[in-house]
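Comments concern the structure below.
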Amino acid sequence: MIPDHLTILVVIIPMLGAYTTLLAGWVKRRFCFPIAMVTICIQFCISLMLLYQVMKTGPLHYNLGNWLPPWGIEYVIDPLNGFVLVVLLFLSLLCCMYSRRCIVDEIEEKKIVGFYTVFLLLIAGVCGIAVTGDLFNLYVFLEISSLAAYALVASGREKKAIFASFNYLIMGSVSACFILIGIGYLYIATGTLNMADLARLLPPLYGSTIIQCAFIFFIVGLSIKTALFPLHLWLPDAYSYAPSAVSALIATVMSKVGVYALIRILFTVFTPAFIIMEIPVMELFCWIAAIAIIVGSVLAITQTDLKRMLAYSSVSQMGYIILAIGIANSAAMTGGILYILSDAVMKGCLFMVAGAFIYSTGFRTIEDLKGISRTMPLTAVAFFIATASMIGLPPTVGFMSKWFIALGALESGQWFFVVIILAGSLLTAIYSWRVIEYMYFRDPDMAHQAAVAGANDPPASMLIPILVLASACILCGIFVTIPLEVIEPSVTRLLGGT
Amino acid sequence: MIETFFQSFFLRYNFYMAVIIMLIGLYAMIAKSNLIKKIIGLNIFQTAIFLFYISSSEVTGGTAPILMSDPGTVYVNPLPHVLILTAIVVAVSTTAVGLALIIRIYETYGTIEEDELLVQEEKT
Amino acid sequence: MIWEFNFALFLFLILCAIAAITVRNLLSAVVILSVYSLIMAVLWAEMNAVDVSFTEAAVGAGITTVLFIAALSRTTRRSKD
Amino acid sequence: MKQDVVIRTVCRLIVPFIQIFALYVIIHGASGAGGGFQGGVIFASSFILIGIAFGLSDARQRISEKANTLLSCTGLYLYAGIGVLCIVFGGNFLGYSFIPLPLDSAATRGLMAEIVEIGIGITVMAVMTSIFYDIAVKEDM
């Protein structure tokens with residue numbers, strides 16, 4: 001009985017968990033964390049079972065309230081969904097574990113109940129985006145998760161976070177409005193909201209202006225949500241002033257789900273036939289992505305604050321995924337979807353390490369971290385591994401995904417973007433090597449000697465997620481065939497149009 | 001040429017009006033420096049989109065989508081109405097979150113003008 | 001549907017939208033926004049969207065205005081533009 | 001706050017009518033205009049009216065923050081409970097007609113839809129009231 005309903009349970013359970021957290025926090029504040037943890041654990045297990053089922057039997061369809069698809073809301077899980085869902089929930093699980101000790105310093109104690117409630121609501125929204133097969137439902141879940149993200153960014157003690165969160169709210173709402181207009185256009189043109197139905201009805205209408213308008217609105221709206229280069233202005237403030245656990249969560253989960261929504265709308269709703277043949281948008285994507293890679297890295301080099309540097313590096317990493325989408329052949333798409341995994345793993349690790357430095361020493365700027373590797377060895381090693389993956393050194397998962405993207409660029413004859421990828425790696429090496437040099441090869445300044453000497457590796461509940469992610473960077477690179485087994489069928493589905 | 005323009009204008013002037021109001025709202029969100037004005041602009045923007053949806057559901061000679069006993073009744077399309085109900089809920093939650101943030105900004109900085117806020121941010 | 005009546009409502013709507021974002025006093029701006037929502041509700045009732053019109057009257061003209069005024073009571077009523 | 005006798009009397013008279021109307025809107029939702037969300041909002045507006053006319057402490061005596069939390073959770077559990085009940089009886093989530101009641105399919109669907117609307121109404125009422133409390137009152141630091 002239950003196995004048929006896993007699709008809906010993955011969305012319902014965190015919502016129930018959120019309200020249970022609220023009630024439990026009313027009784028005793030200590031109960032909040034275990035309930036949140038158990039909820040996400042259950043969800044993670046469900047997502048693994050879903051992925052297994054999808055790989056065995058093909059896509060799962062679930063009709064909400066037994067209404068048939070064109071009228072009712074349909075939840076669909078295919079290999080891409082299942083893969084993204086597993087990645088998202090894995091990261092959420094580790095972020096939740098990490099948050100327990102980390103937020104003690106950064107959030108007032110009476111807000112902890114609200115923190116975990118909103119945390120679970122965000123995960124509910126994100127899972128909803130991942131499983132839904134209905135455009136309007138996607139908009140609603142996008143708004144649920146965005147509202148939760150605004151609240152989480154502003155939840156800390158940092159003063160500037162409030163204004164950053166407000167800017168995020170304004171930009172996010174504009175993007176949501178654009179997506180809403182796009183959905184309206186599509187609905188007026190076709191009279192349906194179901195993604196599969198839309199893909200079936202759209203081809204005869206490809207020439208019409210309405211469809212092109214809708215497409216442009218979708219692209220602009222989702223570009224704001226994913227912080228594609230010219231529209232990234234809300235991102236650095238929001239990422240760097242949020243509490244560390246929240247930075248790790250939204251940098252991995254929120255941005256990745258935005259990319260997923262972009263892929264879904266580009267390749268499932270508007271089939272490749274439209275985006276490649278009808279309007280030359282893919283070339284535009286490639287160039288914007290190339291600019292994003294270079295400019296994001298250059299801006300990251302100029303930063304002095306560690307979390308801010310990571311935020312700008314997120315902008316540049318997002319460029320790689322968009323570049324892969326823009327090249328749009330099977331090798332590049334494989335690399336792009338693998339990059340969703342690798343960027344989530346390494347960015348999560350790096351933000352967690354930055355949070356651990358703040359937790360142990362209180363230092364935010366890079367120069368203060370001189371000589372920190374002697375007293376926090378494990379954290380420093382994790383930072384080194386994640387950076388190596390971000391640069392793209394061979395055994396790591398970052399290397400594999402960049403390799404596939406470059407392969408795709410070569411296959412389609414766009415050798416220029418291979419140069420861009422290499423240049424991006426070089427710039428990444430420049431800004432991250434500076435941090436590593438400070439951590440390993442410099443002596444601490446006089447003023448900070450006592451603080452650096454007194455620092456320790458963070459407590460186990462923070463260290464375990466960091467080390468798990470760091471080892472995942474290497475393991476996913478060595479055993480890359482395991483994720484590829486899921487990614488390849490999803491790429492054929494996306495590009496084949498079936 | 002000009003005649004066809006007028007014809008199409010009077011057929012669909014709802015949509016033209018919706019676009020004008022949308023642009024007013026977007027202008028307020030971008031150009032106004034007061035944060036409350038920005039939220040007001042957001043509200044105007046969102047309602048204009050709802051107007052766009054509702055206009056799309058109109059059917060000539062249709063009545064409200066409430067079940068009548070007469071089988072020959074023509075109803076307007078109820079699906080956009082349901083979508084907009086959901087979107088109104090989202091809009092009011094966004095407004096509430098924005099206002100709560102504005103109150104905390106005022107408590108921290110003592111102002112809700114964006115330019116003054118930016119000056120204060122530079123200082124710290 | 002009488003299109004002249006609708007057109008007049010639309011003109012009022014645009015007038016209210018412009019007034020709401022230009023008035024200096026924020027309390028006036030919020031009250032004008034509430035009027036805007038009410039006109040919008042009337043317009044939607046005209047277009048046979050009774051459900052939505054009902055909700056807009058309760059939420060847009062009611063709760064949103066109350067929330068705005070509550071927020072103004074804790075911040076300031078003056079605005080520079 | 002200056003307490004005006006006209007305001008107080010009018011409020012006292014009008015609040016029960018607002019609440020009755022809100023309940024009517026919630027129950028009537030399935031067969032006409034209205035529904036759980038609108039009814040909940042109208043119900044919350046009655047508490048907001050009390051808060052404006054008599055002061056917030058008076059409103060808090062009638063419905064406190066804790067009651068709000070409890071009510072919002074109750075409403076959500078009611079909604080989700082019906083959904084899960086449908087799964088238990090072999091339908092999909094919110095597939096009302098699968099619940100075995102001694103009624104025909106349409107009547108069962110209507111009844112269950114109304115229970116769900118009541119759940120939504122309770123949640124919306126509690127959440128709207130608590131948003132008003134949070135925005136209107138300076139929290140004691």
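All figures in this text were calculated on a predicted structure; none of them were measured in a lab. Numbers restart at 1 for each chain; the letters A, B, ... are given by sequence-line order, proteins then strands. Computed from heavy atoms alone, side chains included, the values below leave out hydrogens, waters and symmetry copies.
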Self-check item: Heavy-atom side-chain contact between B/His81 and C/Trp44 under 4.5 Å
Solution: no
If the condition is side chain to side chain contact (heavy atoms under 4.5 Å, CB included), which residues does [X] pass it with, not counting sequence neighbours?
X	value
C/Arg78	C/Thr76
C/Ala70	D/Phe132, D/Ile135, D/Ala136
C/Phe12	C/Ile39

Practice problem: Against chain B, label C/Val59 side chain, backbone, both or neither, depending on which of its atoms sit under 4.5 Å from a heavy atom there. | Solution: side chain
Self-check item: Pair C/Leu13-C/Met40, side chain to side chain contact (heavy atoms under 4.5 Å, CB included): steps then yes or no
Solution: CA-CA 7 Å; C/Leu13 204 60; C/Met40 198 62 115; 3.7 Å; yes
Quiz prompt | Among C/Ile21, C/Val30, C/Thr22, C/Leu67, residue most engaged with chain B (heavy-atom pairs, under 4.5 Å) | solution = C/Ile21
Exercise. Measure distances from B/Ile40 to the heavy atoms of chain C and classify the residue's part below 4.5 Å as side chain, backbone, both or neither.
Key: both
Practice problem: Measure distances from B/Phe50 to the heavy atoms of chain C and classify the residue's part below 4.5 Å as side chain, backbone, both or neither. | Solution: both
Exercise. Verify whether one side chain among B/Tyr109 and B/Glu121 offers a donor that lies under 3.5 Å from an acceptor in the other.
Key: yes
Quiz item: Under 3.5 Å, side chain of B/Lys32 to main-chain N/O of B/Lys37, donor-acceptor pair present?
Solution: no
Quiz item: Is there any residue in residues 86-94 of chain B with a non-hydrogen atom under 4.5 Å from a non-hydrogen atom of chain C, and which ones are they?
Solution: B/Ile88, B/Val92
